[in-house]
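Count residues from 1 along the sequence.
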Amino acid sequence: MTPLVLALVAGAVIGLALGALGGGGSVLAVPALIYLLGFTPVEATTASLIIVTATSATALYAHARDGNVAWKTGSLFAAAGIVPAFLAGAVAGRLPEALLTAAFAAIAALAALRMLRPSGSEPPGRIRPGKAAGAGAGLGAVTGFLGVGGGFLAVPALVSVLGLAMRRAVGTSLLVITVNSLAALTARTGTGGGLQWEVIGPFTGAAILGAWDGKRLATKISGAALQKIFAGVLLAVAAFMLADVIA
């Protein structure tokens with residue numbers, strides 16, 4: 001396949017993940033850009049943030065129209081995670097790449113296993129700001145450490161820590177992803193080398209279209225099924241990355 005076709009296919013798959021599952025975009029985008037399209041890790045990280053920011057914002061709009069975004073909880077999560085994300089990002093830049101990859105895979109696997117537990121139901125009118133801010137700060141620190149948008153951790157946190165229903169957690173996580181990705185992208189400005197816009201542009205366009213299809217798909221699948229699909233994607237990515245480190 002040509003780079004253009006690969007970019008369109010990969011973008012569509014990542015858009016589906018973001019639209020339907022509220023996460024997985026950065027987890028899938030970085031390996032796709034490196035292993036399929038020949039980007040360096042630095043270029044892939046920066047390019048994936050551009051792609052995920054645009055796609056998440058589009059998917060967020062779609063979910064918000066249906067009332068599936070907990071704005072107060074999501075805002076607390078996002079705001080609390082900005083500073084920890086910057087600080088953790090500075091530390092991560094001093095660590096070996098293999099260690100970061102292994103940590104990424106381990107956390108993705110743990111998040112997947114947590115998603116396989118039965119989800120809670122949203123406590124009506126009982127959002128605890130302190131708990132939301134604490135979870136958001138922890139998520140931001142991990143996001144900065146791993147250099148991704150953080151949706152694959154935001155959904156488990158919103159479901160398991162704050163008790164949001166799966167569908168509402170998916171929509172709310174997109175708010176967190178958009179803010180975290182914008183913050184990380186701003187911090188990485190000038191560090192991504194020469195960006196290949198002839199690949200990033202089609203990749204982003206396909207991801208945005210895929211996000212709309214993913215959002216429609218989410219309305220036809222039960223929350224429990226979404227959790228299992230989400231966990232399966234995370235476990236597959238974790239296994240691939242660990243195998244790459246060992247090799």
Side-chain angles (χ1 to χ4, degrees), residues 1-37 39 44-45 47-66 68-69 74 104 108 111-112 115-116 119 148-156 158-159 165-178 180-181 199-241:
M1 292 187 184
T2 66
L4 176 59
V5 174
L6 287 172
L8 291 172
V9 172
V13 171
I14 289 165
L16 280 171
L18 276 168
L21 304 175
S26 292
V27 181
L28 298 174
V30 172
L33 289 166
I34 294 174
Y35 298 114
L36 295 179
L37 296 165
F39 280 50
T45 300
S48 73
L49 287 170
I50 295 171
I51 294 163
V52 172
T53 298
T55 309
S56 297
T58 301
L60 172 62
Y61 171 74
H63 280 267
R65 288 196 314 172
D66 291 342
N68 288 329
V69 178
F104 186 104
M115 287 300 294
L116 290 175
S119 62
V148 298
F152 71 108
L153 293 173
V155 171
L158 290 166
V159 170
M166 180 60 181
R167 210 172 300 282
R168 194 161 170 83
V170 167
T172 304
S173 74
L174 291 165
L175 172 61
V176 179
I177 297 169
T178 301
N180 284 350
S181 297
V199 173
I200 296 173
F203 199 121
T204 303
I208 290 173
L209 292 176
W212 285 97
D213 289 334
K215 187 264 178 185
R216 287 193 290 269
L217 179 65
T219 64
K220 301 177 181 179
I221 303 177
S222 68
L226 281 175
Q227 285 181 266
K228 291 179 181 178
I229 294 171
F230 191 86
V233 171
L234 291 184
L235 286 173
V237 171
F240 177 82
M241 299 186 89

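The two residues Ile51 and Ala207 have their closest heavy-atom pair at CG2-CB, 4.2 Å. Minimum heavy-atom separation, Val155 to Ser173: CG2-OG, 3.5 Å. Here the closest heavy-atom approach between residue Ala54 and residue Thr204 is recorded as CB-CG2, 3.7 Å. When all heavy atoms of Thr55 and Gly15 are compared, the pair lying nearest together is CG2-CA, 4.1 Å. Shown here for Leu33 and Ala47, the closest heavy-atom pair between the two residues is CD1-CB, 3.9 Å. Residues Pro202 and Leu8 share a closest heavy-atom pair of O-CD2, 3.7 Å.
Going from atom NE2 of His63 over to atom OG1 of Thr172 covers 10.0 Å, rounded to the nearest 0.5 Å. From Tyr61, atom OH reaches atom CH2 of Trp212 across 6.0 Å, with rounding to the nearest 0.5 Å. If you take OH on Tyr35 and CG on Leu6, they are separated by 15.5 Å, rounding to the nearest 0.5 Å. The distance from atom CD1 of Ile208 to atom OG1 of Thr58, rounded to the nearest 0.5 Å, is 4.0 Å. With rounding to the nearest 0.5 angstrom, the CD1 atom of Ile14 is 8.5 Å from the OG atom of Ser48.
Ser56 places no side-chain N or O within donor-acceptor distance of the main-chain N or O of Thr53, the cut-off being under 3.5 Å.
By the 4.5 Å heavy-atom criterion applied to side chains, Phe39 and Val199 are counted as neighbours. Proximity of Asp213 to Leu16: side-chain heavy atoms (C-beta onward) are separated by under 4.5 Å at one or more points. Counting only heavy atoms from C-beta outward, the side chains of Leu174 and Val69 never approach each other to under 4.5 Å.
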